[in-house]
Amino acid sequence: MTGPKTAMFWGSLDDLADPMDVARIIDQVPNGTIVYNKNIPIYGHMDFVWGENAHVDVYADIVDLLKKYAQK
């Protein structure tokens, strides 16, 4: 059995997810846990929900990841 899979989406302009903190998290989780890591440099915290292009920049990737990793 494998452990949980995590996809990380973060923005360089996110005041709640400092890039140094994101890097620390990536270094501290077990290898193989993070299966996807995407930084969107122009995104702030709420852009992942309300961003004009979130449906292209984020949601399409989430749907693909769910198809790939969801248990059947």
Please set out all donor-acceptor pairs under 3.5 angstrom arising from side-chain atoms of residues 26-41, sequence neighbours excluded.
from: T33; atom 1: OG1; to: P30; atom 2: O; distance (Å): 2.9
from: Y36; atom 1: OH; to: D61; atom 2: OD2; distance (Å): 2.9
from: N37; atom 1: OD1; to: W10; atom 2: NE1; distance (Å): 2.9
from: K38; atom 1: NZ; to: D57; atom 2: O; distance (Å): 2.7
from: K38; atom 1: NZ; to: D61; atom 2: OD2; distance (Å): 2.8
from: N39; atom 1: OD1; to: S12; atom 2: N; distance (Å): 3.4
from: N39; atom 1: OD1; to: S12; atom 2: OG; distance (Å): 3.3
from: N39; atom 1: ND2; to: S12; atom 2: OG; distance (Å): 3.1

Co-membership, hydrophobic cluster, residues V58 and Y69, 4.5 Å side-chain
yes

For residues 47-56, the side-chain hydrogen bond (donor to acceptor under 3.5 Å, both in side chains) pairs (sequence neighbours left out) are none

Quick one: name the residues clustered hydrophobically with L13, using the 4.5 Å side-chain heavy-atom rule over I, L, V, M, F, W, Y, and just say none if it's on its own.
none

Any side-chain to backbone donor/acceptor pair from Y59 onto V49? Under 3.5 Å, distance only.
yes

Identify, with sequence neighbours excluded, every residue that meets side chain to side chain donor-acceptor pair (under 3.5 Å) alongside D18.
none

Run the side-chain contact (heavy atoms from CB on, under 4.5 Å) test against L66 and tell me which residues pass, sequence neighbours left out.
I62

